[in-house]
Amino acid sequence: MTVLDNLMLGRHHHVGYGTLAALVRVGKASREEARNREVVEGIVEFLELHPVRKSYVSMLPYGLQKRVELGRALAMAPRLLMLDDRWRA
């Protein structure tokens, strides 16, 4: 999956339309898709993922993969996001 696919997956629980509407992509489905795409584009800009936005996540270096994971978590729009920042030398 690409970086954009991963971030859109994070927005999945914000989708309020059914399978048929998703296949046809008219009305409510297209409006929500556009709104979710705007949110994802904002996350791409915030995390500076523009150069790799269409790359497969499995092909990215570990640090960028972690940034994509953070982006997916942000895409879910949580009220609280707890991060583990322990470093080991």
Side-chain angles (χ1 to χ4, degrees):
M1 288 177 53
T2 66
V3 171
L4 288 176
D5 292 338
N6 269 275
L7 297 178
M8 286 298 287
L9 184 63
R11 297 295 299 169
H12 180 71
H13 75 282
H14 292 281
V15 172
Y17 52 85
T19 307
L20 183 58
L23 291 173
V24 178
R25 285 193 176 178
V26 294
K28 183 178 181 180
S30 65
R31 287 190 305 273
E32 284 193 27
E33 177 82 18
R35 185 176 50 83
N36 286 329
R37 181 69 64 171
E38 286 179 26
V39 171
V40 165
E41 291 298 332
I43 293 169
V44 166
E45 183 177 326
F46 176 70
L47 295 176
E48 298 176 355
L49 292 170
H50 283 288
V52 295
R53 61 192 305 225
K54 296 199 179 198
S55 301
Y56 289 104
V57 177
S58 61
M59 304 302 286
L60 296 176
Y62 181 74
L64 283 175
Q65 288 181 10
K66 288 298 184 182
R67 218 182 308 169
V68 172
E69 289 178 16
L70 174 61
R72 190 173 56 229
L74 291 172
M76 292 181 197
R79 291 189 303 160
L80 175 66
L81 181 61
M82 297 177 70
L83 303 173
D84 181 9
D85 63 348
R86 289 181 280 164
W87 289 87
R88 295 196 171 112

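Note: hydrogens, waters and symmetry copies are ignored here, and every other heavy atom, side chains too, is used. Computed from a predicted model, the values in this text were never measured in an experiment.
Listed here is the closest heavy atom pair of P78 and A73: CD-O, 3.3 Å.
Two different hydrophobic clusters hold M82 and L74 under the rule that ILVMFWY side chains link at heavy-atom gaps under 4.5 Å. Hydrophobic clustering (ILVMFWY, side-chain heavy atoms < 4.5 Å, transitive): M59 and L9 are in distinct clusters. Under a hydrophobic-cluster definition in which Ile, Leu, Val, Met, Phe, Trp and Tyr are linked whenever side-chain heavy atoms come within less than 4.5 Å, directly or via other members, V39 and F46 are assigned to the same cluster. Hydrophobic clustering of Ile, Leu, Val, Met, Phe, Trp and Tyr side chains at less than 4.5 Å, counting indirect connections, keeps V52 apart from Y62.
At least one donor-acceptor pair closer than 3.5 Å links the side chain of R11 to the backbone N or O of A75. Remark: the backbone N or O of L49 is not paired with any side-chain donor or acceptor of R67 at under 3.5 angstrom.
Between M8 and N36, some side-chain heavy-atom pair lies under the 4.5 Å cut-off. A heavy-atom distance below 4.5 Å is found between the side chains of L60 and V3. At least one side-chain heavy atom of L83 sits under 4.5 Å from a side-chain heavy atom of L70.
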>> One pair to check against side chain to side chain contact (heavy atoms under 4.5 Å, CB included): T2 and R53. What are the steps and the verdict?
In response: CA-CA 7 Å; T2 66; R53 61 192 305 225; over 6 Å; no
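To the nearest 0.5 Å, the span separating NZ on K54 from CG on L4 amounts to 7.0 Å. Within the model, atoms CG of L7 and CZ of R37 stand 9.5 Å from one another, a figure rounded to the nearest 0.5 Å.
Taking a cutoff of 4.0 Å between a charged side-chain nitrogen and a carboxylate oxygen, K66 and E69 qualify as a salt bridge.
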